[in-house]
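First the proteins, then the strands, lettered A, B, ... as listed; each starts at 1.
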Amino acid sequence: MEYIVDRGNIVIHSASDFDIEHILECGQCFRFYKIGEKNYRVIAQSRILEVTQMHKKVILHHTTEEDFLHIWRTYFDLKRDYSAIKQKLGKMNQHLQCAVTEKSGIRLLQQDTWETLISFIISQNKHITHIKQLIEDLSKAYGTYIATVDGVNYYTFPTAMQLSSAKEKDLRALKVGFRAPYIIDAREKVLKGEVDLNALGDRPIDDAKRDLMTIKGVGPKVADCVLLFGAMRYEVFPVDVWVKRVMEHFYFNEETKINLIHDYAMKAYGDLAGFAQQYLFYYARDFQIGKRKNSMET
DNA sequence: AGCCAGGAATCAC
DNA sequence: GTGATTCATGGC
């Protein structure tokens, strides 16, 4: 995408397939704050970035051309042609056509593998607002101070090393509950090299997933999320309660086992499965599709 | 107040 | 192997 440098900001005048609200609120990441309408503060890459959008004009505030080219362009996945992806998905069926049209500004962020691993371990059986809170508390307790903006202190997400002093009771004090030993097991296996997060991108997908699932508290869904959001493995299809509901609602018309949904989608969507999942998830959650009172209607 | 949350481990058969 | 129960915590 074409950009200009303007008074210390990076400005993209004609962003395509980009909606900062869709990107951040679609459930793939947790470390962001809404400042105003289409105005967000993002904590990533050991940095704080403020993003504003007005129609097709996107402003990345107080950043350099070098950071844009080497960090944010990759992080926001700006080199990928999402029009082509949406076109292919939209042709597959009418429901996907609705999802990609309604949530047309989604892009899959290229996030840190370790951060997604711990974040999605924490995410299990929790509402997104609470997940965000826990991750924030964890960062404040163990991360590195970045800066203070508008009177708020911001911290990086702690590395495995930075978490090495944490004991189970320390994590429980942060209210992560039964996930405390899971986080510790993830830290141990990563620090000892028993699980190599850097290898996830290159290995056969089944091997990579099996590796992740040796960590306590990492099952099929969390492993898929780490592979998709933290290792750019777009052929996976994480099935959570929302994806299960929307798939039942649109494709199966009855209660369906997670495994069946997962295998069906991976086969049907192929190397676009991860993208399909994200459009469907955000679409389903936003419109509460398949939830109780709406279930199995229309 | 009770139900649910971007699930997974554990136990019962 | 499948199905039910348990796990901690907060929001609604």
Side-chain angles (χ1 to χ4, degrees), chain A residues 22-32 99 103 106 108-109 111 113 115-138 141 166-186 188-189 195 209-231 233-234 236-249 255-263 265-266 273-295:
Chain A
H22 292 179
I23 290 169
L24 296 175
E25 306 275 9
C26 76
Q28 62 179 323
C29 68
F30 303 105
R31 300 210 65 196
F32 63 90
K103 301 303 180 188
I106 289 179
L108 292 189
L109 300 170
Q111 301 183 71
T113 320
E115 180 172 340
T116 58
L117 171 60
I118 301 303
S119 296
F120 281 94
I121 284 175
I122 288 174
S123 78
Q124 62 185 256
N125 221 56
K126 284 214 158 299
H127 294 278
I128 288 182
T129 50
H130 195 211
I131 299 166
K132 291 174 69 173
Q133 184 60 54
L134 290 176
I135 291 172
E136 219 41 55
D137 292 345
L138 195 62
K167 310 191 74 166
E168 184 175 329
K169 65 172 171 54
D170 301 323
L171 296 175
R172 283 184 185 273
L174 291 174
K175 306 298 184 187
V176 301
F178 60 84
R179 304 159 191 81
Y182 300 165
I183 295 170
I184 288 177
D185 192 53
E188 291 307 301
K189 285 196 167 68
V195 173
K209 186 167 176 176
R210 199 175 309 119
D211 259 20
L212 282 168
M213 287 175 62
T214 62
I215 298 169
K216 279 179 198 147
V218 177
K221 191 271 176 181
V222 171
D224 278 345
C225 284
V226 175
L227 289 166
L228 178 58
F229 303 130
R233 297 302 297 260
Y234 301 110
V236 302
F237 191 85
V239 182
D240 74 312
V241 289
W242 285 107
V243 174
K244 181 171 187 292
R245 284 198 284 247
V246 71
M247 292 295 284
E248 288 170 345
H249 185 75
E255 274 241 38
T256 309
K257 293 192 178 75
I258 288 176
N259 273 339
L260 187 61
I261 295 172
H262 175 264
D263 294 349
M266 280 195 70
F275 298 102
Q277 183 274 165
Q278 204 55 29
Y279 289 112
L280 287 169
F281 170 81
Y282 189 30
Y283 183 62
R285 199 195 50 174
D286 204 12
F287 293 99
Q288 303 279 299
I289 290 172
K291 190 167 182 180
R292 296 283 183 204
K293 292 176 182 173
N294 306 327
S295 75

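The distance from atom CZ of F30(A) to atom P of dG6(B) is 9 Å, rounded to the nearest whole Å. Going from atom CD of Q288(A) over to atom C1' of dA5(B) covers 12 Å, rounded to whole Å. K244(A) places its NZ atom 15 Å from the C1' atom of dC4(B), with the value rounded to the nearest Å. Here the C1' atom of nucleotide dG6(B) and the OH atom of Y283(A) are 19 Å apart, to the nearest Å. Going from atom CD1 of I261(A) over to atom C1' of dG6(B) covers 14 Å, rounded to whole Å. Rounded to whole angstrom, the span from the CG atom of L134(A) across to the C1' atom of dA5(B) amounts to 12 Å. When rounded to the nearest whole Å, the span between CD1 of I183(A) and P of dA8(B) equals 14 Å. Taking atom NE2 of H262(A) as the reference point, atom C1' of dG7(B) lies 14 Å away to the nearest angstrom.
For the atom pair H22(A) NE2 and D286(A) CG, the distance stands at 8.0 Å (nearest 0.5 Å). One distance of note links CD1 of I184(A) with CZ of R179(A); it measures 14.5 Å at 0.5 Å rounding. Atom CD1 of residue I122(A) and atom OH of residue Y182(A) lie 13.0 Å apart, to the nearest 0.5 angstrom.
Base engagement by V243(A) is indicated by at least one non-hydrogen atom pair under 4.0 Å involving a base atom. Using a 4.0 Å heavy-atom cutoff across all strands shown, R285(A) reaches no nucleic acid atom at all. Among the protein residues, C26(A) comes within range of the nucleic acid bases, having at least one heavy atom under 4.0 Å from a base atom. Within 4.0 Å of F229(A), counting heavy atoms only, lies at least one base atom of the nucleic acid. Counting non-hydrogen atoms under 4.0 angstrom, K175(A) reaches the backbone sugars and phosphates but no base. Using a 4.0 Å heavy-atom criterion, one finds that P238(A) contacts the bases of the nucleic acid, with or without backbone contacts as well.
Comparing the C1' positions of dG11(C) and dA8(B) gives a spacing of 22 Å, expressed to the nearest Å. Taking atom P on both dA8(C) and dC11(B), the two are 14 Å apart, rounded to the nearest angstrom. One P atom belongs to dC3(B), the other to dT5(C), and the distance between them is 14 Å to the nearest Å. Taking atom C1' on both nucleotides, dT6(C) is separated from dC4(B) by 15 Å, rounded to a whole Å.
Aromatic rings from F237(A) and F281(A) are positioned such that their centres are separated by 6.0 Å or more.
A distance-only check finds a donor-acceptor pair linking the side chain of Q28(A) to the backbone of I23(A) [under 3.5 Å]. Of the possible donor and acceptor atoms, none in the side chain of Q277(A) sits under 3.5 Å from a partner among the backbone N and O of V236(A).
In this structure, F281(A) counts as stacked on the base of dG6(B) under the 5.5 Å centre distance and 30° plane angle limits.
The stretch residues 123-131 of chain A touches DNA chain B through S123(A), Q124(A), N125(A), K126(A), H127(A), I128(A), each having a heavy atom within less than 4.0 Å of the strand.
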Under 3.5 Å, which donor-acceptor pairs do the side chains of residues 216-228 of chain A form with other protein atoms, sequence neighbours left out?
| from | atom 1 | to | atom 2 | distance (Å) |
| --- | --- | --- | --- | --- |
| D224(A) | OD1 | K209(A) | NZ | 3.1 |
| D224(A) | OD2 | K209(A) | NZ | 3.3 |
| D224(A) | OD2 | H262(A) | NE2 | 3.3 |

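Between E248(A) and K244(A) there is a salt bridge, with a side-chain nitrogen of the basic residue lying less than 4.0 Å from a carboxylate oxygen of the acidic one.
Chain A approaches DNA chain C within less than 4.0 angstrom (heavy atoms of the protein), and the contacting nucleotides run 5' to 3' from dG3(C) to dG10(C).
Between Q28(A) and G217(A), the one whose closest nucleotide on DNA chain B sits nearer the 5' end is Q28(A). When each of K257(A) and Y182(A) is assigned the nucleotide of DNA chain C with its nearest heavy atom, K257(A) is the one assigned upstream, toward the 5' end. Projected onto DNA chain B by closest heavy-atom contact, G27(A) and I215(A) fall at different nucleotides, the more 5' of which corresponds to G27(A).
A side chain to side chain contact (heavy atoms under 4.5 Å, CB included) with L260(A) holds for exactly one of T256(A), I258(A), D263(A); it is T256(A).
Side-chain N/O atoms of R245(A) include one lying less than 4.0 angstrom from OP1 or OP2 on dA5(B).
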Residues F229(A), L108(A); criterion side-chain contact (heavy atoms from CB on, under 4.5 Å); working and verdict: CA-CA 7 Å; F229(A) 303 130; L108(A) 292 189; 4.2 Å; yes
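Between Y234(A) and F275(A), the ring planes lie parallel to each other; the angle is under 30°, not in the 30° to 60° tilted range.
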